[in-house]
Structure formats: C-alpha cells, structure tokens
Amino acid sequence: MSLTLEQVRRVAHLARIDLSESEAAATVIELNGILGLIEQMQAVDTAGVEPMAHAQDVSQRLREDVVSEANRRVDYQAVSPDVEAGLFLVPKVIE
Amino acid sequence: MNQWEVVIGIETHAQLATVSKIFSGAATAFGAEPNTQACAVDLALPGVLPVLNRKAVDCAIRFGLAIGAKVAEKSVFARKNYFYPDLPKGYQISQFELPVVQGGAITVQVGQGEKAYEKTVRLTRAHLEEDAGKSLHEDFHGKTGIDLNRAGTPLLEIVTEPDMRSSDEAVAYAKALHALVRWIGICDGNMQEGSFRCDANVSVRRPGQPFGTRREIKNLNSFRFLKEAIDYEVQWQINELEEGRAIVQATVLFDPDTGETRMMRSKEDAHDYRYFPDPDLLPLLIDAEWITRTRATMPELPAAKQVRFEADYGLSAYDSRALTASLDMADFYEAVVAIAGKSAAKPCANWVMVDLAARLNRENLEIGESPVGAVQLGGLVLRIADNTVSNNIAKKIFEALWNGEGTTADEIIDKQGLKQITDSGAIEALIDEVLSANAAMVAEFRSGKEKAFNALVGQAMKATKGKANPQQVNELLKKKLG
C-alpha cells in the first residue's frame, strides 16, 4: 500500500498541518517508507495472537470519584489571549 | 399506493451521575460560573494525563447488567479526532472497537389500552466517553465564547439497532431508557440541563426492501421534539422519494420553532474521525468479581417489580406499570401498603396513582417532594379501610395533610371531628328529621320519581356533614321509605 500526494494533502488538512508543495512531496516519500515497514511487519503470521491496544501489557489504573481540583480560572486565563465574562474567546465559529 | 416502512435507530448520550469528571478531578456540578470547573486536564494543558474515574465504569457496568448485555472483560479507549474550539485536545476520548457494554435489549410498551403492544429494541452497544465544552455564539465582538466546565463530563453513549418502526416506538423506547437510567441511579435524566440527549437515525423503505439511506437528527432534548422531528423527517423523506429524488446521507438539526429539520452537513463533509487507541490510557479490565459486586447493589428492575406487584398485591398490569414508572414511585407505593395493609393494596394504588399524582402534578412536584409522606398516606388509607372515614372525607383529610394541618390522619380526624357516624340509631334519627323537613320530596318519591330519592340521600348526607357512610344512609333511607 502506498499513499498518493492527494491523500497526504487530505490527511494534512484533517490534522490542520499546513504543508508546502515541497513538504507535501517529501512527506509522501517519508510516509510511504513507514508504510513499507508496516507491510513487512504485516507479513508475519500473527494468527492466534491477541491484538494489543497498548504497548504495555498492563491495565488501566482508576481514581475514586472525588473532586480534587480547585477553581484556578484566574491562573489559566492569565495566559489566554482573549477572555471575557469568564469565557475564553476564539475566532467566530458557526457550524 | 404502496406503503412506506419507517426505520429508526437511536443514539442517546446519558450524563453519568458522578461528582468529578471522567478523566480529571474537576467538579461536574451544573450551573457553575464559566470555566471554574475546568482543570488543567480538561483544558489540555501540556503534559497532563487522563486518569479514569471508577464511578463512571461502575455506572456502565450497572447499565450493562440492567439490559442483559455483555459487560466487556476488556475494553479500550480511543481518540476521536476533530477540531472545534470546545474540544481543547483536538480529540474526544471515546470507545470505538471495544466498547464496555455490548448487546442487550430493552422491552417497552407502545401505546395505551387495547392497541398497546410490546416491542423489544436491541442495543448494539454502550460506551464511555467525555463530553465537550460549550460554545456561546452570542455577541462577544464577533468572537465565540468558550466555557469548558462541561468538557470531560462522563457520558454513556447508548446505541440501538435500527429496530423501531414509528415515532411512537422511538418515544416509548426513549422514555423507557430515561426511566431505566434514573432507576439504576446512573443519570439524573434532567433533559433541560442536557443530561439525557437523543439522536435519531431515520430512513424509510418499502417493506421487505433493504434499508434506505438514513439521515441523523441531532440533539433532541425532549420526547415531544423527538416525536415531532421524526414525524417531520419521515414525511420529508417520503415526499422526496415519491417525487423521484434520492435521499442523501446527512446530519440534520430539528428547529422546534418551525417544526422542521434542516441539513447541518452532508456525507461529503462528514467528519473523518481517524479513531485510534489512546496511548495515554491502558485497556480497561473488568473482572468477574467487580461485576458480581456491582450486581449485588442493583435494585430490583422495573420489569421484575411490575410482575411482583401484580402477584403480591393483586394489581392489574396497568396499575403495576404505572406504579413502577420510577423507583421513587414504586418505593412510595410499597411504603403506603406497608402501613395500610396488603388487603388495601388496590385503594393504596388508587391514592398514589390518582389523588396524589394529580395533586403533585398540579404543584409540579416530584413524588420525592410530596408534602404528604407514604406513612401519612398509609395511615389515611387504613382509616378508610376500617370504616373510620368515608372516601369523600378522606379526600378532605388528604388536603389537610397536604396543607400541614396535622401530622397524621388520626390527628386530623380527632381535631376536626371527622369520624364517620356508623351508629344506625343516630343516623336514623337524622333521617327522620330530613324526611319530616322534606315532605314534598318524599311525596314526589312515592309518586314514582326516582330522582327524589337521590335528593333525599343528599339531604341526609348534608345533615350528617358528610360523616355518615353513604351506603348505610342509602339502606336506612330505603327501609324508611319502603
């Protein structure tokens, strides 16, 4: 399997990565190199091996349902470019 | 004309009843000042890591057990990637390939009376995920305001198979699901606050044909809107098809003001979420012991309780269903019967379902907020059962209890002298007075006017200030006139 320039552009758009023409072309080659490695791995017979969802074979630790975080809005909003009435302001979005 | 068959599947987001968020220790309380319950994890500040809330998993297990589903021994959290300012991480943590609850079914009653029928809706899955924040599009100098208090709130997304065939079935399912999540205590069910929101996938087809192309109606937060939106959408799709146009897969929004659905986005610009397992979270393992422990804390479920009410209290299916509409209602009823006695189970049912329910409804109160408690109501029904008071007087006592004029029915009966007169001699004396004072009516009755008899009963009851047993008055009067 290999990616086309068009597919790379689409993935870049979905990830909001702005690629120049030359970067896009280079990325096609790089990603196809990685896909080549994956193809080699896929050739290994894994029948009977349970797929893993994580590289470490341990399970999720859980926390008790208690509120441990205090209100730190002032601190968090001090580094925000624009706030008003306790809200973070962002460029207008209407779906 | 050929008939069209409607096909509906429903996805519901139920907000889980935790005090903290699914992956952080920030509070989930509704109505707080903007961004005062959004911590570093919810804001996706660099270097933070999610830690799963045990209670959220407990809720998912409870739901799985309640619907007879498989609770997955191992489930996996995945990233659902999209960009929107109310989602600071750029992805929502959800579950994709291995959800925590798999399969199951809910059986609901559709319609009322003779046309009522049972319908089993199969569930595909239910998975844990986090909610996004809120975007406020009001006027902030041409900008959008973001409140991240809701970001990270735990949700259980409950997905059905496309099993429903009408808006009535869809509403019956949504109501049953709403009652169930409250019953097992995993969601407060507050639809105004967005704790329970439905998306409906709607398509139409000719019977026997493959499924038609569906359109998804998003974010329906009342049962009425659910019905209106589906009815409008179904009619719209049928019109399109009958005029020879194909349905294009799309996401639509329902506008309650116009009663119409309108397109939000078509399939072409549908999101490509690029799900993948979240490397920040390890697989969630639920062992048999955890499930057993959870099962032991489950309340008796509505269906089982309904069957037991019919068997134990000799109630009709209708009464049993009404009394098991919520756990609070069922518990209240049983507490009333515990005082009034099983032999009064039917009058207890009437008092709870009719008199109390009507009064609560009028004041817009939940049964848990009733000024008349179960023990008080039980004490009142007991005094009807043992003939201390008539049903009519009991209604007055109920009002007195409601208004806090006394703490028990007995106290009010004493204080207001409401004890029923059962002494035949006393009643006969009163009747004699009534008869002599109403000679004209007596003559009318004797000349064959049956109506006059009822008028005389009325006069006699009035003379006893309603405290005589009407049946007894009837009999004595008949005897006197006979």
Side-chain angles (χ1 to χ4, degrees), chain A residues 1 3-4 6-19 27 31 34-35 38 41 49-95, chain B residues 18-21 23-29 32-43 45 51-58 74 76-78 81-86 90 97-98 135-137 140-148 264-265 271-272 274 277-279 281-285:
Chain A
M1 180 194 175
L3 292 174
T4 63
E6 197 42 52
Q7 285 170 316
V8 168
R9 284 218 177 93
R10 173 160 169 75
V11 172
H13 168 71
L14 285 171
R16 300 295 186 272
I17 297 172
D18 190 11
L19 288 183
T27 306
L31 285 179
I34 294 168
L35 287 175
I38 291 170
M41 287 191 272
V49 179
E50 200 191 333
M52 294 173 76
H54 199 276
Q56 282 177 290
D57 196 11
V58 283
S59 71
Q60 177 61 36
R61 277 185 49 194
L62 303 168
R63 39 172 279 273
E64 295 308 314
D65 180 30
V66 288
V67 176
S68 56
E69 300 301 309
N71 169 23
R72 292 183 58 195
R73 185 174 75 179
V74 173
D75 298 336
Y76 296 141
Q77 296 200 331
V79 293
S80 177
D82 202 357
V83 295
E84 186 176 313
L87 298 163
F88 294 97
L89 294 192
V90 299
K92 189 122 196 136
V93 274
I94 291 276
E95 190 152 349
Chain B
T18 60
V19 297
S20 69
K21 295 195 176 167
F23 297 118
S24 83
T28 55
E33 282 291 299
N35 293 307
T36 55
Q37 295 179 163
C39 72
V41 173
D42 308 323
L43 262 53
L45 296 187
V51 188
L52 183 57
N53 184 335
R54 179 186 302 278
K55 176 86 181 287
V57 181
D58 276 328
K74 174 178 162 183
V76 172
F77 287 94
N81 299 279
Y82 67 93
F83 286 98
Y84 206 72
D86 60 18
E97 280 177 11
L98 290 173
S135 303
L136 297 136
H137 301 293
F140 293 105
H141 340 288
K143 293 193 169 188
T144 293
I146 305 291
D147 175 9
L148 294 171
M264 190 168 123
R265 55 176 179 258
H271 291 133
D272 179 347
R274 294 152 296 138
D278 190 332
L281 287 156
L282 293 155
L284 168 63
L285 299 189

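The structure displayed is predicted, hence computed values, not measured ones. So you know, we letter chains A, B, ... as the sequences are listed, proteins then strands, and number each from 1.
- Considering only heavy atoms from C-beta on, Y76(A) stays 4.5 Å or farther from N35(B) through its side chain.
- Minimum interatomic distance between L52(B) and Q60(A) (heavy atoms only, all atoms of both residues): N-NE2, 3.8 Å.
- For F88(A), the ring pair (Phe, Tyr, Trp, His ring centres under 6.0 Å) test picks out no residue, with sequence neighbours left out.
- Looking at L43(B), only its side chain comes within 4.5 Å of chain A, counting heavy atoms on both sides.
- When all heavy atoms are compared, the tightest approach of P34(B) to L87(A) is CB-CD2, 3.7 Å.
- Side-chain contact between R63(A) and N53(B): present, with at least one pair of heavy atoms (C-beta onward) separated by less than 4.5 Å.
- Contacts between P283(B) and chain A at a heavy-atom distance below 4.5 Å involve backbone atoms as well as side-chain atoms.
- With a threshold of 4.5 angstrom between heavy atoms, R16(A) approaches chain B through its backbone and through its side chain.
- The candidate with the highest count of non-hydrogen atom pairs below 4.5 Å against chain A, out of V76(B), L285(B), V51(B), is V51(B).
- Inter-residue side-chain proximity for E33(B) and R73(A) is flagged as met; some heavy-atom pair is nearer than 4.5 Å.
- Contact annotation for F23(B): only backbone heavy atoms (N, CA, C, O) come within less than 4.5 Å of a heavy atom of chain A.
- Each of D65(A), V66(A), L62(A) was scored for a side chain to side chain contact (heavy atoms under 4.5 Å, CB included) with K55(B), with one residue passing: D65(A).
- For chain B, the nearby part of Q77(A) is the side chain; its heavy atoms alone come within less than 4.5 Å.
- If you measure heavy-atom distances from K74(B) to chain A, the contacts under 4.5 Å come from the side chain alone.
- H54(A) contributes atom NE2, which lies 8.0 Å from atom CG of L281(B) (distance to the nearest 0.5 angstrom).
- Residue-environment remark: CD (Q7(A)) exceeds the threshold of 12 foreign heavy atoms within 6.0 Å.
- With respect to chain B, the highest number of heavy-atom pairs below 4.5 Å among P91(A), A70(A), S59(A), A85(A) belongs to S59(A).
- Annotation: side chain of E69(A) is not in contact with side chain of D42(B) (no heavy-atom distance under 4.5 Å).
- For the options I146(B), D58(B), V41(B), heavy-atom pairs under 4.5 Å to chain A are most numerous at I146(B).
- Contacts of A38(B) with chain A are made by backbone atoms alone, with heavy-atom separations under 4.5 Å and no side-chain atom involved.
- For the residue pair L282(B) and Q56(A), the shortest heavy atom distance occurs at CD2-O, 3.9 Å.
- No side-chain heavy atom of K143(B) sits under 4.5 Å from any side-chain heavy atom of E84(A).
- Annotation: D75(A), atom CG; neighbour count of heavy atoms from other residues, nucleotides and ligands within 6.0 Å is above 12.
- Q37(B) does not touch chain A: none of its heavy atoms, backbone or side chain, sits under 4.5 Å away.
- Residues G145(B) and L89(A) approach most closely at CA-CD2, 3.7 Å, considering heavy atoms.
- In this structure, V11(A) has no side-chain contact (heavy atoms from CB on, under 4.5 Å) partners at least two apart in sequence or on a different chain.
- Only the side chain of L148(B) comes within contact range of chain A, with at least one heavy atom under 4.5 Å from a heavy atom of that chain.
- Screening V19(B), T18(B), T28(B) for a side chain to side chain contact (heavy atoms under 4.5 Å, CB included) with V67(A), the sole residue that qualifies is V19(B).
- Per-residue counts of heavy-atom pairs under 4.5 Å with chain A were compared for A32(B), A78(B), G90(B), A40(B); the largest is that of A40(B).
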